[in-house]
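The structure appears below as structure tokens.
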Amino acid sequence: MTRILITSGPTRQFLDPVRYLTNASSGRMGSALAAAVIELGYEVVVVSGPVDVAYPAEAKVVPVLSTEDMLDACIREFPACDGLIGAAAPCDYRPVKCHPQKISKTGSPVQLTLMETPDVVATIGAQKRPDQWVVGFALETQDPRFRAIVKLEKKRCDLIVLNGPEAMNSSTNQVEILDPEGRVVVKLEGTKERVATGILQQIRRSLLAPQRSHDERDQTV
Ligand code: C5P
């Protein structure tokens, strides 16, 4: 049975027990992708940061808070999955130090030193088996196709979904899916549900069809 792992939503990187860095990701794209996976009759595991959206009842949902938690959960879940769709917007930075107690106001400026968090898609991309695949997302405002292809290569993705900043916290999206040769294999526009269905159809055509014929070959031996 085909099983797809999806990362979804934002992450939180705490400065102290009550304050954190985050972003405006709503998890709507991840939720729409999960529904599209179920619609195709596949299994889905969603590793999700804190969101208000609901995921389909049939999905296995693994709730996480930080980018490090998201990576740990993906490392645990990915070996039993055929592929990963990285629809989350994990925080790229975390405070070097998380204060154990709430930081008190002193009237003086506070300086934060931030360090990079791990990249979930890149880490999974580097670990994937030859029979597994990874699809990343790229949100670009400058030289979008070029930057998306650089990202695809760096993160060892098999396809990359390019969208604009208007996708954040919106009910609609406009995307292009690029392959490793830099070709635009499909353009999709509309509600996130409609776009998610199109993304899954493309994944099925490009990445799952060879696996299916492989399974069928195995069964006929
Ligand atoms: O590098 P950038 O954040 O633009 O890349 C976007 C892609 O990388 C998305 O698929 C996102 O889910 C993934 N990503 C990640 N871990 C991070 C940052 C981004 O998996 N720390």
Side-chain angles (χ1 to χ4, degrees), residues 4-14 20-34 36-37 44-51 53 55 62-78 81 83-96 114-128 132-170 173 175-180 188 192 195-196 199-200 202-203 207:
I4 297 179
L5 179 61
I6 296 175
T7 65
S8 179
T11 58
R12 292 179 183 174
Q13 304 298 149
F14 282 83
Y20 51 82
L21 304 176
T22 191
N23 61 62
S25 169
S26 64
R28 280 189 209 160
M29 196 65 224
S31 174
L33 285 164
V37 172
V44 66
V45 181
V46 185
V47 175
S48 177
V51 290
V53 294
Y55 293 106
V62 182
V64 294
L65 278 182
S66 68
T67 301
E68 290 83 354
D69 296 342
M70 185 170 272
L71 177 59
D72 290 347
C74 287
I75 288 173
R76 274 198 311 275
E77 297 290 340
F78 190 62
C81 294
L84 165 75
I85 308 177
C91 270
D92 292 322
Y93 292 97
R94 70 171 173 88
V96 167
L114 303 178
M115 61 183 284
E116 279 189 20
T117 55
D119 191 301
V120 179
V121 164
T123 309
I124 298 295
Q127 295 182 2
K128 69 182 174 184
Q132 290 176 305
W133 47 264
V134 169
V135 174
F137 273 69
L139 193 153
E140 307 293 340
T141 54
Q142 255 189 316
D143 303 328
R145 285 188 189 156
F146 175 74
R147 285 173 187 250
I149 287 301
V150 169
K151 220 158 260 183
L152 175 149
E153 280 174 9
K154 255 178 135 168
K155 304 190 187 209
R156 303 201 195 166
C157 294
D158 299 273
L159 291 172
I160 195 149
V161 182
L162 171 60
N163 50 199
E166 56 284 351
M168 289 291 263
N169 215 1
S170 157
N173 208 352
V175 310
E176 291 180 352
I177 303 182
L178 307 181
D179 72 6
L188 303 162
K192 287 189 175 171
V195 169
I199 292 171
L200 257 298
Q202 188 59 45
I203 288 175
L207 304 171

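Order of appearance sets the numbers: ligands from 1, and atoms from 1 within every ligand. The structure displayed is predicted, hence computed values, not measured ones.
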Could you pull out every donor-acceptor pair under 3.5 Å between side chains of residues 152-160 and any protein atom, sequence neighbours left out?
{"unit_1": "K155", "atom_1": "NZ", "unit_2": "D119", "atom_2": "OD2", "d": "2.6"}
{"unit_1": "D158", "atom_1": "OD1", "unit_2": "K128", "atom_2": "NZ", "d": "3.4"}
{"unit_1": "D158", "atom_1": "OD2", "unit_2": "K128", "atom_2": "NZ", "d": "2.8"}
{"unit_1": "D158", "atom_1": "OD2", "unit_2": "V134", "atom_2": "N", "d": "2.8"}

| Can you check whether A138 has an N/O within less than 3.5 Å of an N/O in ligand 1? | no
| message | Using the rule given for side chain to side chain contact (heavy atoms under 4.5 Å, CB included), can you reason through R145 versus D143, listing the C-alpha separation, both sets of side-chain angles and the distance that settles it, and then say yes or no? | response | CA-CA 6 Å; R145 285 188 189 156; D143 303 328; over 6 Å; no
| Side-chain ion pair, R94 and E116, N-O less than 4.0 Å | no
| task | Considering the heavy atoms of G136, write down every atom of ligand 1 situated less than 4.0 Å from one of them. | result | 10 (O)
| query | Under 4.0 Å from any heavy atom of D119, which atoms of ligand 1 are there? | reply | 14 (N), 15 (C), 16 (N), 17 (C), 18 (C), 19 (C), 20 (O), 21 (N)
| Under a 4.5 Å cut-off applied to non-hydrogen side-chain atoms, are F137 and I199 in contact? | yes
| Just distances here: any N/O of T7 and N/O of ligand 1 closer than 3.5 Å? | no
| said: Suppose we measure from atom 21 (N) of ligand 1 to each protein heavy atom; which comes out shortest, and what is that distance? | reply: P118 O, 3.0 Å
| Just which atoms of ligand 1 are under 4.0 Å from any heavy atom in D92? | 17 (C), 18 (C), 21 (N)
| query | Could you walk me through whether N23 and T11 pass the side chain to side chain contact (heavy atoms under 4.5 Å, CB included) check? | reply | CA-CA 8 Å; N23 61 62; T11 58; 5.6 Å; no
| Protein residue, atom and distance nearest to atom 6 (C) of ligand 1, heavy-atom basis | F137 O, 2.9 Å
| said: Could you check whether any side-chain heavy atom of I177 comes within less than 4.5 Å of a side-chain heavy atom of L188, counting everything from C-beta outward? | reply: yes
| task | Heavy-atom contacts with A88 under 4.0 Å: which atoms of ligand 1 show up? List them by number with element. | result | 11 (C), 12 (O)
| query | Of the protein's non-hydrogen atoms, which lies at the shortest distance from atom 10 (O) of ligand 1, and what is that distance? | reply | G86 O, 2.6 Å
| For atom 20 (O) of ligand 1, which protein heavy atom lies nearest, and how many Å away is it? | V121 N, 2.9 Å
| message | For a side chain to side chain contact (heavy atoms under 4.5 Å, CB included) check, start with the C-alpha distance between L200 and I85, then their side-chain angles and the critical distance, and finish with the verdict. | response | CA-CA 10 Å; L200 257 298; I85 308 177; 4.0 Å; yes
| Min N/O separation L139 to ligand 1 under 3.5 Å | no
| query | Among K154, K155, E68, M29, whose heavy atom sits nearest atom 3 (O) of ligand 1? | reply | K155
| task | Verify side chain to side chain contact (heavy atoms under 4.5 Å, CB included) between C74 and L5, making sure each step is shown before the conclusion. | result | CA-CA 8 Å; C74 287; L5 179 61; 4.2 Å; yes
| said: Please list, in number order, the atoms of ligand 1 under 4.0 Å from a heavy atom of K151. | reply: 1 (O), 2 (P), 4 (O), 5 (O)
| query | So do F14 and L65 actually touch side chain to side chain, heavy atoms under 4.5 Å? | reply | yes
| query | What protein heavy atom sits nearest atom 16 (N) of ligand 1, and how far away is it? | reply | V120 N, 3.0 Å
